[in-house]
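Input: a single structure, listed below in structure tokens.
Note that this is a predicted model, so its numbers are computed, not measured.
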Amino acid sequence: MNAPDFAISLVYIAYALAVLLTFGAILTWVERKQAAIMSDRIGANRAYVRIPFTQVKLIWLGLFHGMADGLKLLLKEDFKPLAYDKLAYALGPWLAIVPVLLVFAVVPFGGTLDPGRLFPSLAEWFGGRTYPMQIAPIDAGILIVFAFSGITIIGAMLAGWSSANKFSLLGALRAGSQLISYELVMGLTVLGIVLIFGTVNLGTIVERQSGTVLGFLPAWGIVYQPFAAVLFLIAGIAENKRIPFDLPEAESELISGYFTEYSAMKQGVFMLSEFIEIAVIGALFVTLFFGGYNLPWMNDTGFVFPGGHAVPLSHGWVVVLQLLTFLGKVFLLCSFQILVRWTLPRFRWDQLLRFAWKFLLPLAIANLVVTAVALWVQQA
Amino acid sequence: MADTQLLLGLSFVLFALGLVGVMVRRNALVMLMCMELMLNAVILALVTFSLETATLSGAVLVFLIFVVAAAEIAIAIPIVLLLSRQRSSLDVEGYDRLQG
Amino acid sequence: MTTPRKPHVRRQYWNEPTMGWWERSYLLEVARGLAITGGVFLRNMGKWMTGRKGALTAYYPEEIRADYAAGNRGKHILTQRPDGRPQCVACNMCATVCPAQVIEIDAAFDPDDPAHPKYPSRFEIDYSRCVFCGFCVEACPEDAIRMVKETPDLPGFDRDRMWLGKEELLNWQPHADVAKPYPVRPAAEPGRSPDA
Amino acid sequence: MTIDQLLVYFFGACALLGGVLMLVARHPMRVALALISCMLSLAGIYAMLGVHVVAVFQVLIYVGAVMVFMVYVIMLLDVRDPSFVRRYSRMLLPGVVLGALLAGALGISAIRLGAPAIQPGAGAAPSYLVQPFSVEFLREYWLHFELTSVLLVAAVVAAIAIIRSGRRSDG
């Protein structure tokens, strides 16, 4: 690894962290505001930042509520219960957030970056190398996603078990069985996409989603696998334990489930990881089914419309457009998850597991078999 | 490339640790986990051999070991569950009914 | 050994929802629910984007509800004499009748006004406890306290702000209805000492 | 010494530490945590050696499935028994001696073996990327792969049978 590679990696990591943490902070506000607008209310609008030495208050539709929440969680008393196991208690929040952040390492958030063309003064230093906009372009992309989300399960279970609280323990048990069940469904739905694109490398999967099918449809995964997309989204929402599937932290039954005994920033870390997970699930969905950073009719040089009309763009604009496209799609997905959360009623616990094992899993397997047979027929 | 013999040595030591764990610990669950450690040590050795001989068979064998480990845990855990339900204890020294 | 468990009989309710198999399968209904909430969201969002208000609720302190009842009386005022002094003679009848005991009056002596030598040096109403029953208006012999349609600007971070004093109560927007002409009476005969 | 090599040493030390902690820790949950850290370190070693497939599946199957199951059971069976107070059985001394002997014997044999019989790079270096690896896997070893599924089915059936029999004996 030489200096330019290292610099690019640092830039990517900084970008990914900034994006994820911003999503985590903003989504707390978006969730409240969107819920308010959905139910004819106004929503959070009280927090403000006063410019020092003036009376100018920046309210900005209450955008600073996320900041206020963070500050409150930081400054609150960190109340430590008589934990059953101090080590596991301290480890819980970390195991919950770190794998979620790491998952984003394999998600491509843009096309190919040519820093030499972007900054001509540095062209010599970079020596004409190009970099895919992905922190770790590893060929085992999807597998890594599932590997890391397996670690989050252990985080939730450790947190619940070590709190020495029966509500936490129940929440942890529920978290364990729910996450394992739905991760299985998620893996099986993704296999259809893997079959179609013939790779598990997320970067390649996104590249193969550029272009069009049948002349007008964008060649996105959702066109090939609409059924798998729905199943994946369901399983994804279940994976980040949000409302139709929020049994592990059901407020009305279990106080707040496996992190009942956590307070101050430790609880904040759990909340933050949950909000980041919304964004990560959105990013995965976008990568697998929504064509990632691709816009229809766009390639590395600009737009080429079906009529043969072309709009060439410079490399910088293409990069910016790809980044923005990805962020916009992820934001739409987050918004959709929030819509689901404020619309659907919750499952009962037995219904939740029955839904996973008796409904989603057979459907996912059927989808996989149909896809495999269709591909086999096509190739034969 | 790291030293092959060092990796092999690590694998041996881990295997020995797992073996010692199975022998000296009293808790049934801990014994199971020590067996997992032994399997892990074997996997490390296999990967090292596979790298050393530049063949895939070692890595393939690793996958078969994964499956064996999953099957093993799927059977062993219900047995431990049943034992602990009967004796309400995980202490293997209490399981002496077969001693005759 | 174990008592046989009673067979579970599901209770029938009078308002049991009737669902066809399609609704029972829950698939289309999920999509329909999402469409409804999403539609509401998009409509309200469109209103916000175009500068209209997309909510039924009010910004509470900044925005006064438009739909207060016609008979709502939300604020007390003290009527004034033509010279601007309060008409109140500090008889304490409103404070006595007040069910929530929110009115506090300190009486004082004013030798310069022989007709009404007793006046309130302090007249305060604690709006955090006021029940807006209007008994004080009924009890007042001098027509010195009235209630008007405005609502006091109460919300704040401090409970002390909810005490309105004499100045605030006297500082009303004079309507024709409230500014009652005070009949000018001749001054009291000299020699009669005013009661303290 | 490159940074990769340093990382391999670091992960190796972590794995060793995890293995030792497994013997020392008192509560099964601590043992499980030590084992998880050991497995993650081993996965790190594999990743550093370039065997990405094995590294990912090590995390996916061992940490994500086997250890989750283990932790679940430890959580569920919070049994307090003498094994918490007295960690070691009567076999402590012979066990440790035997373990040391085994490690020593293996180590000596490894040293005496010296260079491997097959020279590295004798054949074409295999690719451990997911796609070539899985193609090779399913082309050469498909029968073994299918047989493992039989093993898994047998395991599941056995597990269900065990649970059933336990339930019957409970009454």
Side-chain angles (χ1 to χ4, degrees), chain A residues 1 6 84-92 95 98-99 102 106 136-164 166 168-177 179-181 183-184 187 194 197-201 204 258, chain D residues 2-4 6-7 21 24-37 39-40 42-44 46-48 50-78 80 84 127-135 138 156:
Chain A
M1 178 168 272
F6 194 64
Y84 188 49
D85 188 324
K86 291 223 165 43
L87 178 73
Y89 181 80
L91 221 53
L95 280 182
V98 171
L102 285 180
V106 292
I138 300 174
D139 60 332
I142 288 181
L143 300 174
I144 286 184
V145 170
F146 288 116
F148 282 137
S149 55
I151 302 180
T152 37
I153 307 178
I154 289 184
M157 280 163 56
L158 279 185
W161 171 78
S162 64
S163 298
K166 56 191 164 209
S168 305
L169 187 69
L170 277 175
L173 289 176
R174 287 179 170 194
S177 30
L179 293 186
I180 289 184
S181 312
E183 197 175 321
L184 205 63
V194 171
F197 294 118
T199 176
V200 288
N201 187 345
T204 320
Y258 57 89
Chain D
T2 60
I3 193 160
D4 283 14
L6 265 185
L7 275 175
L21 280 180
V24 180
R26 195 176 289 271
H27 196 283
M29 191 63 101
R30 290 279 175 97
V31 179
L33 280 178
L35 182 53
I36 288 172
S37 66
M39 285 170 172
L40 286 178
L42 286 178
Y46 303 150
M48 281 300 125
V51 198
H52 288 163
V53 194
V54 174
V56 168
F57 275 97
Q58 166 97 1
V59 179
L60 190 62
I61 293 181
Y62 264 123
V63 180
V66 171
M67 285 322 284
V68 166
F69 197 27
M70 211 65 175
V71 169
Y72 199 91
V73 169
I74 295 171
M75 207 161 74
L76 206 60
L77 283 184
D78 221 352
R80 291 305 192 137
F84 281 72
S127 168
Y128 290 102
L129 297 180
V130 177
Q131 199 170 10
F133 178 80
S134 36
V135 166
L138 287 185
V156 170

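For the set A:Ala147, A:Gly150, A:Ala140, A:Ala88, the entry with the most heavy-atom pairs within less than 4.5 Å of chain D is A:Ala147. Of the listed residues (D:Arg30, D:Met67, D:His52), the one with the most heavy-atom contacts under 4.5 Å to chain A is D:Arg30. Per-residue counts of heavy-atom pairs under 4.5 Å with chain D were compared for A:Gly176, A:Ser177, A:Ser149; the largest is that of A:Ser177.
A:Tyr258 is not listed as a side-chain neighbour of A:Ser163, based on a closest heavy-atom distance of 4.5 Å or more. Contact of the A:Ile144 side chain with the D:Leu60 side chain is not registered, since no non-hydrogen atoms from C-beta on lie closer than 4.5 Å. At least one side-chain heavy atom of A:Val145 sits less than 4.5 Å from a side-chain heavy atom of A:Val106.
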Residue pair A:Asn201, A:Ile138: steps toward the side-chain contact (heavy atoms from CB on, under 4.5 Å) verdict: CA-CA 7 Å; A:Asn201 187 345; A:Ile138 300 174; over 6 Å; no
As a quick check of understanding, evaluate side-chain contact (heavy atoms from CB on, under 4.5 Å) for D:Ile74 and D:Val31, giving each step before the final call. CA-CA 10 Å; D:Ile74 295 171; D:Val31 179; over 6 Å; no
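No side-chain donor-acceptor contact under 3.5 Å links A:Thr204 to the backbone of A:Val200.
Looking at A:Ile180, only its side chain comes within 4.5 Å of chain D, counting heavy atoms on both sides. Only the side chain of A:Leu91 comes within less than 4.5 Å of a heavy atom in chain D; its backbone stays farther off. If you measure heavy-atom distances from D:Leu40 to chain A, the contacts under 4.5 Å come from the side chain alone. Contacts of D:Phe57 with chain A are made by side-chain atoms alone, with heavy-atom separations under 4.5 Å and no backbone atom involved.
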